[in-house]
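Contents: one structure, followed by commentary.
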Amino acid sequence: MIERDGRDHMIGQPIAFIEVAWRRYTKHSRNKAQEIQGAILPLAEKYRWNNPFLGVVLAGIFTVGSLEQLQSLGFQILYFPYETLVAAFASESIDIAFDEATGDDEFRQVLEQIDSSGVDAVTRVKQHLIAANAQPIDEFFAALDARLGRHVRRVLVIPLYGRINEFASLDGAIDFLDAHPIYEGAGEFRKYEIRVEFSNGDKVEASFVSKEKAREF
DNA sequence: ACTCAGGCGCGTGATAGGTT
DNA sequence: AACCTATCACGCGCCTGAGT
């Protein structure tokens with residue numbers, strides 16, 4: 001989570017939620033997408049007036065469907081494909097490719113190789129990985145920057161008065177609009193409509209019946 | 001035969017809380 | 001301070017089923 005005005009002893013305003021996950025095989029990639037969705041969307045809903053940035057950093061293997069699912073829910077995705085990870089380690093002669101048949105001994109040897117490879121080698125692996133995924137990384141951080149750099153442009157508060165007119169069909173509603181004189185005179189107070197507009201064009205809208213709820217928002 | 005997806009449950013590591 | 005225990009998140013192994 002990235003927050004604004006946070007302190008060591010105090011949680012600030014959450015403005016970005018970014019989840020990280022790894023999958024080696026497709027078989028649970030969609031599961032994972034749904035877990036992320038289940039973990040983050042309730043938080044996004046709770047802090048909806050901040051309109052937080054939703055991001056996922058994924059690595060390994062994910063099906064197109066699971067990536068699309070997250071995208072369509074508004075997540076910005078940074079995805080490191082499995083091949084680019086294998087290639088990054090291969091550049092230091094470390095073979096991290098494994099599957100369900102890889103023996104524990106072979107696995108352990110590779111882990112020991114990584115552990116003993118030194119800071120410089122790890123840095124080179126990191127650079128290789130970054131270079132291989134430069135474009136998606138740039139896009140992800142550009143999207144994040146755009147959201148973090150955003151500020152409130154204006155706030156609209158619209159008190160609504162009047163009768164509520166209810167119709168069983170669209171036709172009825174359209175007939176009413178055609179005949180409506182616009183100005184009805186003072187009616188009963190209904191609610192406050194609040195709209196917050198941000199510098200990047202984002203909008204958050206909400207309506208409240210009570211002044212206290214509106215103030216809370 | 002193959003891919004994708006979902007259910008169940010395991011081992012691991014981190015953490016919190018209690019006990020000695 | 002050291003130790004123990006319970007709990008949780010996580011990735012994945014194994015299994016099954018749907019669709020092609």
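These numbers come from a predicted model, not from an experiment. First the proteins, then the strands, lettered A, B, ... as listed; each starts at 1.
Geometric assessment of A:R24 against the ring of A:Y82 yields a positive cation-pi assignment under the 6.0 Å and 45° thresholds.
What separates CG of A:L58 from C1' of C:dG11 is a distance of 14 Å, to the nearest Å. Atom pair A:R23:CZ and C:dA9:P shows a separation of 14 Å (rounding to whole Å applied). For the pair A:R24 CZ and C:dC14 C1', the computed distance is 16 Å after rounding to whole Å.
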*With the sugar-phosphate defined as primed atoms, P, OP1 and OP2, and the base as all remaining atoms, what B/S/- string results for nucleotides 2-10 of chain B, 5' to 3', for protein heavy atoms under 4.0 Å?*
--SBBBB--
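Between A:K203 and A:E205, no side-chain nitrogen of the basic residue sits less than 4.0 Å from a carboxylate oxygen of the acidic one, so the salt-bridge criterion is not met.
Remark: side-chain polar atoms of A:Y79 are paired, donor with acceptor, to backbone N or O of A:F62 under 3.5 angstrom.
Separation of the A:F17 and A:F53 ring centroids does not fall under the 6.0 Å cut-off.
The number of heavy-atom neighbours closer than 6.0 Å to CG of A:L177, taken from other residues, nucleotides and ligands shown, is above 12.
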